[in-house]
Amino acid sequence: MKKLWSGRFTGENEDWVDTFGASISFDHQMAKQDILGSLAHVKMLSHCGIITEDEGQQIKAGLKNLQEKLDHNKLTFTIQNEDIHLNLEALLHEEIGPVAGKLHTARSRNDQVATDMHLYLKETLTTVIEKIYQLRSVLVNKAAENIATIMPGYTHMQHAQPISFGHHLLAYYQMFTRDQKRMEENLQHTDISPLGAAALAGTTFPIDRQLTADELGFSYLYDNSLDAVSDRDFIIEYLSNASILMMHLSRFCEELILWSTHEFQFVEISDTFSTGSSIMPQKKNPDMAELIRGKTGRAYGNLVQLLTVMKGLPLAYNKDLQEDKEGMFDTSEAIISSLEIMSGLIETMKVNQTTMQKATEKDFSNATELADYLANKGIPFRQAHEIVGKLVLECIQQGNYLQDIPLKKYQEVSSVIEADVYDKLSATTAVKSRNSAGGTGFDQVKAQIEKARKELQN
Ligand code: ARG
């Protein structure tokens with residue numbers, strides 16, 4: 001088959017060159033963006049008198065036909081036409097004849113593909129931001145239902161101090177809020193038009209780059225044509241932001257999986273987001289959470305892949321850059337579906353408030369309370385720590401807990417201890433009194449929720 005670029009060639013490509021070189025199997029996903037870019041470009045060409053008004057109209061009509069066919073899944077792409085740009089140009093030729101050849105005036109596939117990618121990512125980022133926002137809303141609602149739900153807080157996976165489950169959920173709210181901000185910044189950095197950079201050096205035609213940028217809804221223009229065609233920072237930034245996002249989702253999933261075990265039973269993931277086993281009838285597996293955790297690997301992989309593709313590339317365009325797309329598509333699919341699933345999973349999961357609270361009753365997560373109690377009565381904290389440590393050891397040897405020690409025994413240990421110590425040792429009091437800014441105290445959690453709700457309204 002004769003190639004659109006075959007003028008200076010005498011030989012034909014082997015089939016495997018077509019197969020190896022083609023990107024149509026994946027860049028067809030940017031067909032919509034490619035047509036939009038062409039529509040803007042042709043409008044500019046005729047506006048600037050580079051082609052006649054009539055030619056402009058013919059090309060526009062042809063592109064509109066292609067748009068229509070694309071919407072109805074009626075376009076057939078071929079590997080011989082290599083990529084989405086050449087495929088659409090060949091199809092345009094079928095629509096309107098030789099005048100189709102004027103579309104590529106003052107343009108190269110290099111600025112064309114960069115434009116498509118900016119448009120694609122702008123749209124995707126908007127969806128991603130929306131999905132993160134939804135998850136944040138779900139988290140705040142779930143936290144509001146669980147302000148008074150008490151659970152053990154952990155460090156080193158050991159019971160540390162009791163906390164509000166709402167507080168725990170809001171920690172994730174904070175992470176996803178940062179993720180959303182990063183994606184919003186990413187959107188700004190993507191909102192810049194490379195169109196008109198042509199192959200690498202600009203063009204001799206009197207083009208109007210502002211016109212195409214406005215037409216496509218870009219806020220800025222690349223200032224340097226070499227940068228415009230070879231910059232993929234906006235994608236690397238996206239893959240990096242997506243990796244951080246997936247890392248957050250994965251940590252959360254890890255906790256949900258753990259909390260769903262028979263040993264914990266803190267939460268029950270709804271049937272809709274669980275699966276069974278083909279052999280063990282009793283099983284209810286947290287597959288969705290596991291898959292999100294697993295897909296984090298892809299997100300990291302795609303980031304490292306593109307960083308590696310770019311690291312040795314001289315300016316400006318090199319065909320290596322064709323390898324910038326699949327990771328972006330793959331990561332987008334992974335993060336959008338993970339976010340959607342996570343929102344549904346959190347929204348519908350059952351929180352076993354009693355089990356969580358019980359987990360704080362037969363443990364030593366109130367040891368800090370006793371040390372603080374002594375410190376409040378004037379005993380230096382280091383000494384208080386030592387006293388409580390000894391008491392914990394004795395309890396372990398006797399098989400009981402700090403709240404089981406009789407007052408008489410307490411008063412032998414330290415005369416400052418009074419009957420009010422037992423209230424201090426309760427998990428509820430322990431949580432309630434951590435009222436320092438950002439702490440787990442109920443009032444603090446309520447304040448966090450109020451602030452989060454305001455943020456969500458903006
Ligand atoms: N399919 C190519 C890509 O995705 C389009 C740009 C090709 N440019 C070129 N000079 N061969 O990167």
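In each ligand, atom 1 is the first atom listed, and ligand 1 is the first ligand listed. Below, all heavy atoms of this structure are taken into account, side chains as well, without hydrogens, waters or symmetry copies.
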J.: Side chain of Glu55, backbone of Thr52: donor and acceptor closer than 3.5 Å?
T.: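 Judged by distance alone, yes, a pair lies under 3.5 Å.
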J.: Going by the salt bridge (Lys or Arg N to Asp or Glu O under 4.0 Å) test, which pairs reach into residues 223-247, not counting sequence neighbours?
T.: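 Output for this query lists Arg232-Asp324.
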J.: Which salt bridge (Lys or Arg N to Asp or Glu O under 4.0 Å) pairs, counting each pair once, include a residue from residues 245-268, with sequence neighbours left out?
T.: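 Those involving residues 245-268 are Glu254-Arg293, Glu268-Lys284.
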J.: So if I apply the side chain to side chain contact (heavy atoms under 4.5 Å, CB included) rule between Asp83 and each of Asp116, Val113, Asp27, which one comes out positive?
T.: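 Answer after filtering Asp116, Val113, Asp27: Asp27.
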J.: Name every donor-acceptor pair, under 3.5 Å, that has one atom in a side chain of residues 197-208 and the other anywhere in the protein, sequence neighbours excluded.
T.:
unit_1, atom_1, unit_2, atom_2, d
Thr203, OG1, Phe205, N, 3.1
Asp208, OD1, Gln210, N, 3.1
Asp208, OD1, Leu211, N, 3.1

J.: Please answer whether the main-chain N or O of Tyr238 pairs with a side-chain N or O of Asn186 as donor and acceptor at a distance below 3.5 Å.
T.: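 Yes, because the side chain of Asn186 sits within donor-acceptor range (under 3.5 Å) of the backbone of Tyr238.
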J.: For a distance cut-off of 3.5 Å, show me each N or O of ligand 1 paired with any protein N or O, plus the separation.
T.:
unit_1, atom_1, unit_2, atom_2, d
ligand 1, 1 (N), Ser23, OG, 3.2
ligand 1, 1 (N), Asp83, OD2, 2.9
ligand 1, 1 (N), Gln322, OE1, 2.8
ligand 1, 4 (O), Lys325, NZ, 2.5
ligand 1, 8 (N), Asn110, OD1, 2.9
ligand 1, 10 (N), Asn110, OD1, 3.1
ligand 1, 12 (O), Tyr317, OH, 2.4

